[in-house]
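See below for the structure under consideration.
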Amino acid sequence: MSCPDCFTGTIHPGAPKGHVTTLHGLQTYVSEPPVPPEEVKGIVVIVPDAFGWEFVNNRLLADHYADMGSFRVYLPDFMKGTAAPFWVLETIRAVSRTGSLWDWVSKPYHIATLLFGVAPFMITNRPSKSYPLVESFFRSIRHSPEGDLPLGAAGFCWGGKHTILLAHGASTTVTNGRTGEEENKNLIDAGFTGHPSMLSLPGDIEKIAIPVSFALAELDAILKGREIEVVQKVMASKEEGVGGGGEVKVYLGAGHGFCVRADTAVEDSARQCGEAEEQAVEFFRRWFAKV
């Protein structure tokens, strides 16, 4: 997670329409779809990038999924208050500037400020520490009254690793609400990940047992070209129903973070960001319909 691209991007304009509540022990942003409760297609839990559950971009993304897919969308505080602060976006731009003497003179200050901002996130949110919390949240949903609804995970950058770990087939024993019988149920029915980071290749992909849709960036500085080819090759080798039914889409010219932090004032960036949203929504709707 040390790559600067994990902390670059723009803040999107707009006012989130959802509400905040405590859900399964975590503060959670909730976006409800504009349909009656009986017409909700399923639940999507966003496992966010480094900027966490309060980042406006992530909340607007939750709203888009809810509106476009008729999903109930949860964006929990998986980082428990240790997400990267929003001002890091401007600080990393200051670190990158080289146009004047002052840019060079002030660079050590900005580097120190950057480390102060991101170190707590990087130390506290290692997957070995954070994944059990993510898995516990999904398990709690499965054991809740809405646990029979189709359930998906949408992970970005930091959250992408967690989504793929869930897709390895994590499960729990639940009581079927219709038959009253106990059954083993996967924690997720489908996953989507945009520009995931921290992947162990090819192992993390080979272990996928749940359909996953990948939105990858051609110019990603974290998941580079040869690694993208590994993801494509392994996913193509999977059979339907054994982690099969997944897909890999590579967005040409896009860089890391484009699904969440793209500059929407740039036409191509805005288009690709929107296309990735459509990719996720269509994938969830397709697989939720099979549940």
Side-chain angles (χ1 to χ4, degrees), residues 1-12 46-53 55-58 60-61 64 75 78-79 83-97 111 114-115 117-119 121-122 125-127 130 153-165 191-202 204-205 212-232 235 247-280:
M1 286 297 298
S2 59
C3 175
D5 284 1
C6 291
F7 305 100
T8 58
T10 61
I11 296 176
H12 295 172
I46 293 180
V47 192
D49 64 358
F51 294 98
W53 80 295
F55 190 37
V56 65
N57 295 22
N58 289 326
L60 291 172
L61 182 63
H64 294 168
L75 173 58
F78 288 125
M79 301 165 189
F86 310 148
W87 51 259
V88 164
L89 290 166
E90 178 53 39
T91 300
I92 204 163
R93 281 192 286 269
V95 169
S96 302
R97 284 195 287 264
I111 291 173
L114 179 63
L115 292 174
V118 304
F121 165 77
M122 295 173 64
N125 296 289
R126 303 186 303 276
S130 54
F156 302 88
C157 191
W158 177 86
K161 172 76 170 185
H162 297 75
T163 296
I164 290 171
L165 291 177
F192 170 84
T193 179
H195 39 80
S197 63
M198 303 180 292
L199 298 186
S200 176
L201 298 176
D204 277 350
I205 311 303
V212 175
S213 176
F214 289 80
L216 305 181
E218 179 194 21
L219 305 181
D220 198 325
I222 297 175
L223 194 68
K224 298 182 174 67
R226 290 185 179 178
E227 294 168 320
I228 289 175
E229 291 176 3
V230 171
V231 174
Q232 291 174 314
M235 289 299 293
E247 62 185 14
V248 180
K249 182 175 180 179
V250 180
Y251 288 78
L252 302 181
H256 188 79
F258 80 96
C259 292
V260 178
R261 304 187 303 273
D263 186 349
T264 54
V266 178
E267 183 177 351
D268 284 349
S269 296
R271 174 181 53 78
Q272 291 179 322
C273 182
E275 288 178 358
E277 289 180 3
E278 293 171 0
Q279 177 185 339

Closest non-hydrogen atom pair, [X] against [Y]:
{"X": "W158", "Y": "A50", "result": "CB-N, 4.4 Å"}
{"X": "S197", "Y": "I222", "result": "CB-CG2, 3.9 Å"}
{"X": "P196", "Y": "L216", "result": "CD-CD2, 3.6 Å"}
{"X": "P85", "Y": "F51", "result": "O-CE2, 3.4 Å"}
{"X": "T163", "Y": "G191", "result": "CG2-CA, 4.2 Å"}
{"X": "L252", "Y": "Q272", "result": "O-NE2, 2.8 Å"}

>> For S213, give me all partners under side chain to side chain donor-acceptor pair (under 3.5 Å), at least two apart in sequence or on another chain.
In response: E247, Q279
>> Taking side chain to side chain donor-acceptor pair (under 3.5 Å) as the definition, give me every residue that meets it alongside N58, ordered by chain and number, with sequence neighbours left out.
In response: D49
Look up atom [atom1] in [X] and atom [atom2] in [Y], then write down how far apart they are to the nearest 0.5 Å.
{"X": "D204", "Y": "K161", "atom1": "CG", "atom2": "NZ", "answer": "3.5 Å"}
{"X": "H195", "Y": "R261", "atom1": "NE2", "atom2": "CZ", "answer": "6.5 Å"}
{"X": "Y251", "Y": "S269", "atom1": "OH", "atom2": "OG", "answer": "13.0 Å"}
{"X": "I164", "Y": "S200", "atom1": "CD1", "atom2": "OG", "answer": "11.0 Å"}
{"X": "C259", "Y": "E277", "atom1": "SG", "atom2": "CD", "answer": "8.5 Å"}
{"X": "E227", "Y": "K224", "atom1": "CD", "atom2": "NZ", "answer": "6.0 Å"}

>> For F214, run the side-chain contact (heavy atoms from CB on, under 4.5 Å) check against L223, V231, I228 and tell me which one passes.
In response: V231
> Going through the checks in order, is the side-chain contact (heavy atoms from CB on, under 4.5 Å) test met by M79 and W53?
Replying inline: CA-CA 8 Å; M79 301 165 189; W53 80 295; over 6 Å; no
>> Can you list everything that forms a ring pair (Phe, Tyr, Trp, His ring centres under 6.0 Å) with F78? Sequence neighbours excluded, please.
In response: F137
>> I'd like to know whether F156 forms a side-chain contact (heavy atoms from CB on, under 4.5 Å) with F192, so could you lay out the CA-CA distance, the side-chain angles of the two residues, the decisive distance to 0.1 Å, and finally the verdict.
In response: CA-CA 9 Å; F156 302 88; F192 170 84; 3.7 Å; yes
>> Between Q232 and V250, is the side-chain contact (heavy atoms from CB on, under 4.5 Å) condition met? List the steps.
In response: CA-CA 9 Å; Q232 291 174 314; V250 180; 3.5 Å; yes
